[in-house]
Amino acid sequence: MNIKALNGFKDILPGEVELWQRLEALARDIFGRFNFAEIRLPILEKTDLFARAIGEATDIVEKEMYTFVDKQVTMRPEATASLLRAYIEHGLHVQKPVQRLFTIGPMFRHERPQKGRLRQFHQMDVEVLGSTSPRVDAEMMAMGAMLLNELGLTVSLEINSLGCQVCRPGFRSNLLVFLDDRHQALCEDCKRRSVTNPLRVLDCKNPRCREQVLEAPSLQDHLCTDCAEHFNEVQAGLDQLGVQYRLNKFMVRGLDYYTRTTFEFITGDLGAQAAVGAGGRYDGLVEQLGGPQIPGIGFALGMERLVLLLQQQEAKLLASGVDLFMAGLGAQATHYGFALAHALRATGMRVAMDLEGRSLKSQMKQAGKLGAAHVLILAEEEFTEGKAVLRNMATQQQQEIILQDTAVTGQILIKLIAS
RNA sequence: GUGAAUGUAGCUCAGCUGGUGGUAGCACUUGGUUGUGGUCCAGGCGGUCGUGGGUUCGAGUCCCAUCAUUCACCCCA
């Protein structure tokens, strides 16, 4: 076998899939509690959409997109751009002044894979459009925290404010002056960053840069009164809802569209991939994409990273996949069991049956491995007398049952197993 | 895109300075129990040693290339 999955692409096998299902089910439940509606979006969009939304100069757009060059289309590297496109295209802002939407699905970025980072990865993406209320920011983070908490994960929340079009330019030019003075002391990456994306120098991991940056002009001191007040109210909201967080004035988000509130859910258990979820406000983005002047805020959770944490933090789930194992011995009895299994499945019961004609011992082994709650033993001798044996695998108790036609026997079994 | 490490059974791994691929563990399977699971015991199935070259009488082992994986950088969820 020399055909393998592509580098950075993974199969999710039975065993792990159950974890994904549990994650999605809980997320849908919680998003529902907060009155979010699901939206399903295409994976392929015009390349231009992402270039405009994410930013021409970002790494994602510059070198990480899967693009069909001849068709000018790209497999989405993130969900927000697509979601806003759909929002604008269908005039959802007219239907409801505030839209709360979420979407779940695969994203694609051509990066070098490593732990918690794949080329096809999955995100749960949540957005609120049409509100500038700081309560929305707080509620959104509270919802993320609730999900992580109910998954049993310990993850910390860091927040910051990046200001708006009014206050960011002033901060940016002050920062540029500061970085110019220290240029020689910065690492190579930061020398480059100070030209391409100066804000990113603030969260460089290099200890020397960190030291330099300690005295850098603070974003907090440059916030205009509106932004400062907004950020204060966000924090007040988090306090009111009892959400733990930490102010990180060096936190900068990578995508160009963020304004004001930004936040990250961080773990120390995933190596270099600390962020399991992150997002922020993007008050100018809808307009920038050709829509009306509508504010928005959103965040994405990395599902691979959550699943890794669930596995790592021993959040195990062991559910029996089988209610009944049908064990048949002999042609006549097996013939009857084949039909009985089908009748039971039609009523909703999960029934497993070995169709290979193996020994009873082997069939019992299979039943044990599958975690079957009960086994119906249809053996030649009893079968000719119209009887069979129902075994409770947990208690090891067995009882004889009288066989009738499959429909009637099915009803009897359902009652016996339920009791 | 950069750096480093690693590729031997379905999985986890032994295999020394080159000399016949491991009674290895897990998993799968058969039997011990003429018809009863999870434990135990005995057997069985299972390998192009990532791939392609080279050195050598001889390569899993050394050299080169290539592909893949992992971790880190970059970036990001």
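In what follows, chains are A, B, ... by sequence order, proteins preceding strands, each numbered from 1.
At a threshold of 4.0 angstrom between heavy atoms, the contacts of A:Glu62 with the nucleic acid are absent. Nucleic acid contact for A:Gly8: sugar-phosphate only, since backbone atoms but no base atoms lie under 4.0 Å from a heavy atom of the residue. Contact annotation for A:Leu376: no contact, since no heavy-atom pair falls under 4.0 Å across all strands. At a threshold of 4.0 angstrom between heavy atoms, the contacts of A:Lys63 with the nucleic acid are absent. Residue-level contact check: A:Ala278 touches the backbone only, with heavy atoms under 4.0 Å from sugar-phosphate atoms and none from bases. Using a 4.0 Å heavy-atom cutoff across all strands shown, A:Gln396 reaches at least one base atom of the nucleic acid. Counting any heavy atom pair closer than 4.0 Å across all strands shown, A:Gln363 reaches no nucleic acid atom. Nucleic acid contact for A:Gly116: base, since at least one base atom lies under 4.0 Å from a heavy atom of the residue.
A straight line from CZ of A:Arg119 to C1' of B:C74 spans 14 Å, rounded to a whole angstrom. In this structure, A:Glu64 atom CD and B:A77 atom C1' are separated by 12 Å, rounded to whole Å. Going from atom CG of A:Leu13 over to atom C1' of B:A27 covers 15 Å, rounded to whole Å. Atom CD of A:Glu304 and atom P of B:C76 are 18 Å apart (whole Å). Summarising the geometry, the separation between CG on A:Leu360 and C1' on B:U36 is reported as 5 Å, rounded to the nearest angstrom. Remark: C1' of B:G37 and CD1 of A:Ile377 are 10 Å apart, rounded to the nearest angstrom. Nucleotide B:G35 holds its P atom 12 Å from the CD atom of A:Glu382, rounded to whole Å. Atom CE of A:Met65 is separated from atom P of B:C76 by 14 Å (rounded to the nearest Å).
Look at the P atom in both B:C49 and B:G7: the space between them is 15 Å, to the nearest Å. Atom C1' of B:U55 sits at a distance of 22 Å from the matching atom of B:U48, rounded to the whole Å. Atom P of B:G47 sits at a distance of 29 Å from the matching atom of B:C63, rounded to the whole Å. For B:U30 and B:C73, the P atoms lie 49 Å apart once the distance is rounded to whole Å. Nucleotides B:G37 and B:C28 have their P atoms positioned 16 Å apart, rounded to a whole Å. Using P as the reference atom, B:A77 and B:C67 are 30 Å apart when rounded to the nearest Å. B:C45 and B:U29 have their C1' atoms separated by 7 Å, with the value rounded to a whole Å. On the C1' atoms, B:G19 is 25 Å away from B:U51, given to the nearest whole Å.
With a cut-off of 3.5 Å on both Watson-Crick or G-U wobble distances, the partner of B:C11 is given as B:G25. B:G37 is unpaired under the Watson-Crick or G-U wobble criterion, no partner having all donor-acceptor distances under 3.5 Å. If you check B:U70 for Watson-Crick or wobble pairing at under 3.5 angstrom, you find it paired to B:A4. In this structure, B:C49 forms no base pair with any nucleotide, since neither Watson-Crick nor G-U wobble geometry is met with both distances under 3.5 Å.
Side-chain contact, A:Gln366 with A:Asp354: a donor N or O sits under 3.5 Å from an acceptor N or O. Between the side chains of A:Arg358 and A:Gln363, not a single donor N or O lies within less than 3.5 Å of an accepting N or O. For the residue pair A:Glu127/A:Thr80, the side-chain donor-acceptor check at 3.5 Å is satisfied. At a cut-off of 3.5 Å, with distance as the only test, a side-chain donor of A:Asp137 or A:Thr261 sits close to an acceptor on the other residue. Side-chain contact, A:Asn160 with A:Gln220: a donor N or O sits under 3.5 Å from an acceptor N or O. No side-chain donor from either of A:Ser156 and A:Tyr245 sits under 3.5 Å from a side-chain acceptor of the other. Of the N and O atoms on the side chains of A:Trp20 and A:Glu24, not one donor lies less than 3.5 Å from an acceptor on the other residue.
Outside the 6.0 Å centre-distance limit, the rings of A:Phe36 and A:Phe102 are not counted as a close aromatic pair.
Aromatic ring orientation, A:Tyr87 versus A:His93: tilted (interplanar angle from 30° to 60°).
Side-chain atoms of A:Arg112 stay outside donor-acceptor range of the base of B:C71, with no qualifying N/O pair under 3.5 Å. Interface remark: the A:Gln366 side chain does not form any donor-acceptor pair with the B:G38 base, using a distance-only criterion of under 3.5 Å.
For B:A72, the OP1/OP2 oxygens have a side-chain nitrogen or oxygen of A:Gln114 closer than 4.0 Å. Checking the phosphate oxygens (OP1, OP2) of B:G37, no side-chain nitrogen or oxygen of A:Ser362 falls inside 4.0 Å. Within the structure, every side-chain polar atom (N or O) of A:Lys115 is placed at least 4.0 Å from both OP1 and OP2 of B:C73. Phosphate proximity of B:G31 to A:Ser359: present, with a side-chain N or O under 4.0 Å from OP1 or OP2. The phosphate of B:G38 has neither OP1 nor OP2 within less than 4.0 Å of any side-chain N or O from A:Lys361.
The nearest heavy atom of RNA chain B to A:Thr395 and to A:Arg109 marks one nucleotide each, and the one closer to the 5' end goes with A:Thr395. Nearest-nucleotide positions on RNA chain B for A:Arg358 and A:Arg305 put A:Arg358 closer to the 5' end.
Salt-bridge check for A:Glu89 with A:Arg85: passed, with a basic side-chain N closer than 4.0 Å to an acidic carboxylate O.
Picking from B:G38, B:C76, B:C28 the nucleotide with the shortest atom distance to the side chain of A:Lys369 gives B:C28.
The 12-atom threshold is not exceeded at NE2 of A:His342, counting heavy atoms of other residues, nucleotides or ligands nearer than 6.0 Å.
Heavy-atom distances under 4.0 Å link RNA chain B to no residue of residues 136-150 of chain A.
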